[in-house]
Protein chains: 2
Amino acid sequence: MYTIKEVAKLMDVSEHTLRFWAKSGLFPNIKRNENNIRQFSEHDLGWVKIVKCLRSVGTDNKSIKRYVDLCLIGDSTIPERYGIIKATRIKALQQMEELKKQLELLDYKENYYEELIKNNQLDKFNPVNELQTSAV
Amino acid sequence: MYTIKEVAKLMDVSEHTLRFWAKSGLFPNIKRNENNIRQFSEHDLGWVKIVKCLRSVGTDNKSIKRYVDLCLIGDSTIPERYGIIKATRIKALQQMEELKKQLELLDYKENYYEELIKNNQLDKFNPVNELQTSAV
DNA sequence: ACTTGACTGAGAGTAGCTCTCAAGGGGTAA
DNA sequence: TTACCCCTTGAGAGCTACTCTCAGTCAAGT
């Protein structure tokens with residue numbers, strides 16, 4: 001059993017966010033102890049993990065709640081749940097592609113600046129060092 | 001020269017967002033025609049591209065504005081700009097790793113559901129098909 | 001002249017946190 | 001016992017970055 005603080009540390013999600021997710025119904029039935037303190041079980045950590053996963057690819061909280069609710073209904077909802085996961089996976093793959101593209105741009109810019117800096121340092125030994133390039 | 005609508009289509013960013021970015025000072029000096037209509041040049045598209053790139057890895061608008069302002073100041077800011085790009089690239093690489101991890105979970109779930117569905121379909125020919133698994 | 005369509009800025013609304021706050025419980029120390 | 005400290009709680013304010021609606025302007029087409 002874990003307190004919210006421990007879960008926050010373990011799963012790298014803030015306590016605030018965990019409470020927010022809990023209040024939004026994204027975790028089914030988190031137990032409380034006699035002092036009304038949330039007690040996360042290993043099983044609950046699994047929920048945190050999947051919620052975190054869905055959020056990280058941009059699924060909105062309403063859709064996550066839908067998924068969670070489907071899970072609670074039972075096996076009859078397996079086809080719909082399967083569809084959600086499949087669609088989410090495709091979305092994640094697209095994000096991967098997009099990220100790769102952006103990384104290429106960042107690589108290019110990084111090299112560009114490196115060249116610029118290298119040349120500028122040579123200029124320190126060069127009396128003619130007033131040319132302004134001003135590229136982005 | 002492009003209208004805001006054309007840029008929106010070309011760069012896959014909504015017109016609203018482009019106006020919002022423009023108002024936030026993320027594009028320096030977009031020209032207007034005699035009817036006060038924004039006219040994006042090829043050069044401006046470059047700005048849209050870099051802003052989109054920085055946003056897509058989670059850089060906040062204030063930091064993007066900082067970067068843009070540095071670019072306008074001139075060559076003296078190259079080291080700081082280089083630092084920003086380098087840090088952003090590292091952030092993007094971390095996001096890539098995170099996304100890979102999440103993809104593994106989604107792969108696992110997808111396979112899991114596939115198995116479940118396959119078994120359930122076999123059960124249609126099996127009179128004993130009432131076992132409830134209810135796993136997430 | 002009238003309609004259509006693109007653009008404008010102002011400003012309201014939204015999602016998803018993020019943070020602050022006051023209140024309250026439990027544990028140790030003097 | 002009282003004081004102190006840390007953790008937790010819910011309520012609710014505040015924030016970012018859109019996202020959308022609206023009323024209005026302008027130019028071109030019929």
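Please read these numbers as outputs of a predicted model, since none were measured by experiment. Note on naming: letters A, B, ... go to the chains in the order of the sequence lines (proteins, then strands), and numbering restarts at 1 for each one.
To the nearest 0.5 Å, the span separating CD on A:Q102 from CD on B:Q95 amounts to 10.5 Å. Residue B:L106 holds its CG atom at 12.0 Å from CD1 of A:I84, rounded to the nearest 0.5 Å.
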Could you write out each protein N or O paired with an N or O of nucleotides 1-6 of chain C at a distance under 3.5 Å?
residue	atom	partner	partner atom	Å
C:dA6	OP1	B:K5	NZ	3.4

For nucleotides 20-25 of chain C, which of its nitrogen or oxygen atoms have a protein nitrogen or oxygen under 3.5 Å away, and what is each distance?
residue	atom	partner	partner atom	Å
C:dG25	O3'	A:N35	OD1	3.3

Next on the checklist: Show, in sequence, the C-alpha distance, side-chain angles and deciding distance for B:K118 and B:E115, and conclude whether the salt bridge (Lys or Arg N to Asp or Glu O under 4.0 Å) test is met.
Outcome noted: CA-CA 5 Å; B:K118 206 163 65 187; B:E115 285 304 309; 3.3 Å; yes
Next on the checklist: A:K9 vs A:E6, test: salt bridge (Lys or Arg N to Asp or Glu O under 4.0 Å). Steps then yes/no.
Outcome noted: CA-CA 5 Å; A:K9 196 173 237 172; A:E6 288 162 344; over 6 Å; no
Checklist entry - How far apart are the C-alpha atoms of A:Y2 and A:E42, what are their side-chain angles, what is the distance that settles it, and do they pass the side-chain hydrogen bond (donor to acceptor under 3.5 Å, both in side chains) test? => result CA-CA 8 Å; A:Y2 307 90; A:E42 289 293 342; 2.4 Å; yes
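By the 4.5 Å side-chain criterion applied to Ile, Leu, Val, Met, Phe, Trp and Tyr, A:L93 is assigned to a cluster that also includes A:V57, A:M96, A:L99, A:L103, B:V57, B:L93, B:M96, B:L99, B:L103.
A:K65 meets the salt bridge (charged side-chain N to carboxylate O under 4.0 Å, His left out) test with A:D69; sequence neighbours excluded. With sequence neighbours excluded, the residues satisfying side chain to side chain contact (heavy atoms under 4.5 Å, CB included) with B:E114 are A:Y82, B:E110, B:N111.
For A:E15 and C:dT18, the CD to P distance is 13 Å, given to the nearest whole Å. Counting to the nearest Å, the C1' atom of C:dT8 and the CD1 atom of B:I30 are 15 Å from each other. A straight line from CZ of B:F20 to C1' of C:dG11 spans 13 Å, rounded to a whole angstrom. Rounded to a whole Å, the CH2 atom of A:W21 is 11 Å from the P atom of C:dG16. In this entry the distance linking CZ of B:R19 with C1' of C:dT8 reads 7 Å, nearest Å. Rounded to an integer number of Å, the gap from A:D12 CG to C:dC17 P is 14 Å.
In terms of position on DNA chain D, the residue among A:K23 and A:N36 whose nearest nucleotide sits closer to the 5' end is A:N36.
In this structure, B:E97 pairs ionically with B:K100, as a charged nitrogen and a carboxylate oxygen lie closer than 4.0 Å.
With a 4.5 Å cut-off on side-chain heavy atoms, B:V48 and B:L18 count as touching. Within the 4.5 Å cutoff, the side chain of B:L26 has no heavy atoms near those of the B:R55 side chain.
Contacts between chain B and DNA chain D, taken as any atom within less than 4.0 angstrom of a protein heavy atom, begin and end at D:dA17 to D:dA27.
Using a 4.0 Å heavy-atom cutoff across all strands shown, A:R38 reaches sugar-phosphate atoms only and no base atom.
Side-chain N/O atoms of A:R55 include one lying less than 4.0 angstrom from OP1 or OP2 on C:dC17.
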